[in-house]
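Here the structure is laid out as structure tokens; the discussion comes afterwards.
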Amino acid sequence: MNKAKNKMVEQATDKSDLESVEIDELSFLVRAQKFRISGTAMRRTSIPLATEYAIRLIHLVPEITAEQVGAYFGFEHAETSLLLQDILDTGLVTEAQGRLTLSARGYEAVSPISDDIELFSAEDFTASQAFDLIALAPVDDTTIQPGIARLIPEIAVPDRVAAAKAASRIPEAFEMHFLEWRQRYGGKLKTDDFRFQSTQDVQLIKTFPAPFHVPMRLHLQEPAVVEPDFGNLRQRGRAGSRTSLIEALSDYTKKITCPGDYELAFHQLETIDGGVLTRNGLRELTQQAAWARKCFGDDRDLGHPFNPGLRLIGSSASSAVKDALTVWTKQIETDTSPILWLPPHADYWGRSLSFATLLRDLSAQESGGLTLLARDGADNRTANNFRKLFGRRERQEALFDRCIAIRNDVPRALEVVLKPKGWCLVLLHLPDPKSGYPLPVGYISADHVLVEAFGDYFARLASSESVLEPILWHRESETAAVALGVIDEALGIQTTPD
């Protein structure tokens with residue numbers, strides 16, 4: 001247990017130095033296009049050291065003779081003749097009546113700062129590079145498999161007219177970002193050894209949704225606030241090159257708000273768990289920053305009688321909550337019953353690569369699988385939306401093994417993950433007081449009293465007689481009746497034969 005706990009808090013043991021914590025990770029798709037670009041660049045070429053110094057000498061002493069150059073280096077006549085031939089072969093020096101001077105190309109090759117000789121030769125190149133259609137900046141040619149990409153929202157391109165003409169703007173965009181391309185794909189060459197000259201041809205290869213992942217951080221210095229962390233985007237490539245993309249992503253995050261019934265959820269939660277949040281320091285629902293500080297460090301453990309357990313802050317896609325579900329829970333002895341997941345009633349929930357990765361990891365370590373409790377799943381439209389996002393579709397595997405429709409009388413701001421007879425994780429989705437962004441606070445506990453209390457709660461939700469066909473999907477190896485039986489057994493629901 002201590003090893004798992006240490007892994008989760010090693011990054012923030014000194015609370016006085018804790019400036020911010022990750023509370024979520026968002027994923028977005030942005031339309032992008034990949035192009036094959038043909039052009040010409042100037043590659044730096046090397047010349048023998050003696051030749052370079054001789055050209056420097058000619059630059060400093062115009063109309064010097066070959067004999068004087070040879071004498072300067074202490075060369076014999078034969079050596080001087082070879083040196084003269086090498087000098088003239090560079091094209092940087094001309095000879096007239098035995099006098100040596102720099103050619104026009106030679107003057108261009110001499111650095112005005114150091115007198116170094118910078119000799120370049122033209123070289124054709126072909127590059128394959130993708131650009132997002134918002135900032136027209138380079139992006140990686142990576143895609144997310146369709147079974148996960150269906151979760152991720154796509155950001156609308158603000159200027160669709162300009163996006164439609166992207167191919168005509170690529171020569172300018174590639175020249176602007178040539179240095180970035182060289183740094184990523186230039187091998188061992190220094191970036192200044194290969195300079196852009198011109199673009200000859202641009203061919204569109206494909207259009208695809210490029211993924212972007214943005215951490216959301218709670219800054220703890222007063223006034224505490226949740227903000228997206230665009231540091232990676234801001235630091236990539238030319239300064240300001242991704243400003244329009246950042247603005248588009250930022251505008252989307254500002255529209256994300258948590259359910260409005262969080263106070264009702266808080267009071268209902270207290271009737272189930274006896275006030276775990278209040279008894280562990282959350283006196284006011286606006287004290288998320290104070291709770292966050294308690295979530296990192298030596299006092300992260302829940303107090304008696306709710307231990308073993310940990311305070312948590314952040315969404316189920318955040319690093320701390322993911323570690324609690326995949327690392328901390330390994331220390332708890334459990335059976336083969338499935339994990340049951342009651343999501344919040346919020347369209348932002350589960351819409352990221354980080355969340356999909358969590359489901360994959362949990363499925364790998366839980367033989368009983370994952371079961372989703374679909375709020376208002378008896379409604380056809382709602383059921384179809386759950387199937388579209390998380391169920392099996394054509395060639396896409398289901399992200400949850402089973403899904404059962406439940407009543408819709410659960411507070412929308414409440415999220416609970418339950419491993420019957422093992423542990424429970426609870427997240428209360430509260431708004432950040434300053435930004436309004438969802439800022440879940442909660443805990444994970446293996447206290448058997450709490451686990452049984454949430455087991456009884458789930459049993460009431462899952463045994464509604466108003467839902468005639470509760471199983472929305474199930475494992476391929478099961479029937480709907482078998483899947484329902486697995487859930488009933490896990491929750492201790494007694495059924496009577498017809």
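For reference, positions follow the sequence shown, starting with 1.
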Problem - 4.5 Å side-chain heavy-atom contact, Pro158 and Ile134 - result: yes
Practice task
Please check if atom CZ in Arg475 has more than 12 non-hydrogen atoms from other residues, nucleotides or ligands closer than 6.0 Å.
Solution key: yes
Practice task
Could you tell me whether Glu180 and Arg242 make a salt bridge, using a distance below 4.0 angstrom between a side-chain N and a carboxylate O?
Solution key: yes
Practice task
Could you check if a side-chain atom of Trp328 sits within less than 4.5 angstrom of a side-chain atom of Asp323, using non-hydrogen atoms only?
Solution key: no
Handout entry: Euclidean distance, Arg407 CZ relative to Leu373 CG, rounded to 0.5 Å
Key = 11.0 Å
Practice task
Please answer whether the main-chain N or O of Ile246 pairs with a side-chain N or O of Arg234 as donor and acceptor at a distance below 3.5 Å.
Solution key: no
Exercise for the section: Using only heavy-atom distances, determine whether the side chains of Asp335 and Ser337 contain a donor-acceptor pair under 3.5 Å. Expected result: yes
Practice task
Could you verify whether a donor N or O on one side chain and an acceptor N or O on the other, from His219 and Glu19, lie under 3.5 Å apart?
Solution key: no
Practice task
Considering only NZ, NE, NH1 and NH2 on the basic side and carboxylate oxygens on the acidic side, decide whether Asp361 and Lys322 come within less than 4.0 Å.
Solution key: no
Exercise for the section: Any chance you could measure Ile152, atom CD1, to Phe28, atom CZ, to the nearest 0.5 Å? Expected result: 10.0 Å
Practice task
Could you please spell out the steps behind the side chain to side chain contact (heavy atoms under 4.5 Å, CB included) verdict for Val30 and Phe212?
Solution key: CA-CA 8 Å; Val30 175; Phe212 291 86; 3.7 Å; yes
Completion exercise
Residue pairs passing the side chain to side chain donor-acceptor pair (under 3.5 Å) test with at least one member in residues 248-269, sequence neighbours excluded, are Gln268-Tyr457
Handout entry: Crowding at CD, Glu222 (>12 non-hydrogen neighbours, <6.0 Å)
Key = yes
Exercise for the section: Ignoring hydrogens and angles, tell me if any N or O in the side chain of Asn307 forms a donor-acceptor pair with the backbone of Gly309 under 3.5 Å. Expected result: no
Practice task
Give a yes-or-no answer on whether the side chains of Thr278 and Glu270 include a donor-acceptor pair shorter than 3.5 Å.
Solution key: yes
Practice task
Verify, without hydrogens or angle tests, whether Glu22 (side chain) and Ser319 (backbone) share a donor-acceptor contact under 3.5 angstrom.
Solution key: yes
Exercise for the section: Verify side chain to side chain contact (heavy atoms under 4.5 Å, CB included) between Arg375 and Thr382, making sure each step is shown before the conclusion. Expected result: CA-CA 8 Å; Arg375 297 164 176 262; Thr382 303; over 6 Å; no
Handout entry: Partner set under salt bridge (Lys or Arg N to Asp or Glu O under 4.0 Å) for Arg31, not counting sequence neighbours
Key = Glu154
Practice task
Output yes when a side-chain donor or acceptor of Arg300 lies under 3.5 Å from a complementary backbone atom of Cys295, and no otherwise.
Solution key: yes
Exercise for the section: Can you measure from OG (Ser363) to CG (Asp401) and round to the nearest 0.5 angstrom? Expected result: 5.0 Å
Handout entry: Inter-residue atom distance His213.NE2 - Leu233.CG, 0.5 Å rounding
Key = 11.0 Å
Practice task
Taking Arg412 for its side chain and Ala346 for its backbone only, find out whether a donor-acceptor pair lies under 3.5 Å.
Solution key: no
Handout entry: Under 3.5 Å: donor-acceptor pair, side chain of Gln288, backbone of Pro431
Key = yes
Problem - Under 3.5 Å donor-acceptor, Arg311 side chain and Val441 backbone - result: no
Problem - salt bridge (Lys or Arg N to Asp or Glu O under 4.0 Å) involving Glu25 - partner list, sequence neighbours excluded - result: none
Exercise for the section: Decide side chain to side chain contact (heavy atoms under 4.5 Å, CB included) for Met176 and Ser241; before the verdict, give the C-alpha distance in whole Å, the side-chain angles of both, and the deciding distance to 0.1 Å. Expected result: CA-CA 9 Å; Met176 179 181 297; Ser241 61; 5.6 Å; no
Handout entry: Ionic contact status for Asp488 with Arg402, cut-off 4.0 Å
Key = no
Handout entry: More than 12 heavy atoms of other groups within 6.0 Å of Glu172 CD
Key = no
Handout entry: Validation row, ring centre Phe458 to ring centre Phe454 under 6.0 Å
Key = no
Practice task
Would you sort out whether Ile37 and Ile170 count as a side chain to side chain contact (heavy atoms under 4.5 Å, CB included), showing the intermediate values?
Solution key: CA-CA 9 Å; Ile37 304 165; Ile170 291 304; 3.8 Å; yes
Handout entry: Pairwise side-chain contact, Leu372 with Ile404, heavy-atom cut-off 4.5 Å (strictly under)
Key = no
Practice task
Please report the closest heavy-atom contact between Ala149 and Leu29, naming both atoms and the distance.
Solution key: O-CD1, 4.0 Å
Exercise for the section: Before accepting this row, confirm whether a basic side-chain N of the pair Lys419/Glu366 lies closer than 4.0 Å to the acidic partner's carboxylate O. Expected result: yes
Problem - Side chain proximity check, Glu476 to Arg392, heavy atoms < 4.5 angstrom - result: yes
Exercise for the section: Would you mind reporting whether Arg279 and Pro305 have side-chain heavy atoms less than 4.5 Å apart? Expected result: yes
Practice task
Using a strict 4.0 Å threshold on nitrogen-to-oxygen distance, state whether Asp432 and Lys434 make a salt bridge.
Solution key: no
Exercise for the section: First locate atom CG of Leu362, then atom CH2 of Trp341, and finally report the distance between them rounded to the nearest 0.5 Å. Expected result: 6.0 Å
Exercise for the section: Using modelled atom types only, decide if a donor and an acceptor are shared between the side chain of Arg351 and the backbone of Asp347 within a distance under 3.5 Å. Expected result: yes
Handout entry: Asp229 side chain to Gly231 backbone, donor-acceptor under 3.5 Å
Key = yes
Problem - Any donor-acceptor pair under 3.5 Å from Thr336 side chain to Ser367 backbone - result: no
Exercise for the section: Could you label the plane-to-plane angle of the Phe390 and Trp349 rings as parallel, tilted or perpendicular, counting under 30° as parallel and over 60° as perpendicular? Expected result: tilted
Practice task
For the residue pair Asn384 and Arg381, confirm or rule out a side-chain donor-acceptor distance under 3.5 Å.
Solution key: no
Practice task
Compare all side-chain heavy atoms of Glu175 with those of Thr199 and state whether any distance is below 4.5 angstrom.
Solution key: no
Handout entry: Check: Ser315/Asp24 side-chain N/O donor and acceptor closer than 3.5 Å
Key = yes
Exercise for the section: Kindly check if the number of other-residue, nucleotide or ligand heavy atoms within 6.0 Å of CZ (Arg283) is above 12? Expected result: yes
Exercise for the section: Please examine the side chains of Met216 and Glu227, heavy atoms only from C-beta on, and report whether any two atoms are closer than 4.5 Å. Expected result: no
Practice task
Quick one: pull up CG in Leu26 and CZ in Phe355 and give me the separation to the nearest 0.5 Å.
Solution key: 13.5 Å
Practice task
Taking atom NZ of Lys206 as the centre, report whether more than 12 heavy atoms of other residues, nucleotides or ligands fall under 6.0 Å from it.
Solution key: yes
Problem - Heavy-atom check, side chain of Tyr348 versus side chain of Cys258, under 4.5 Å - result: yes
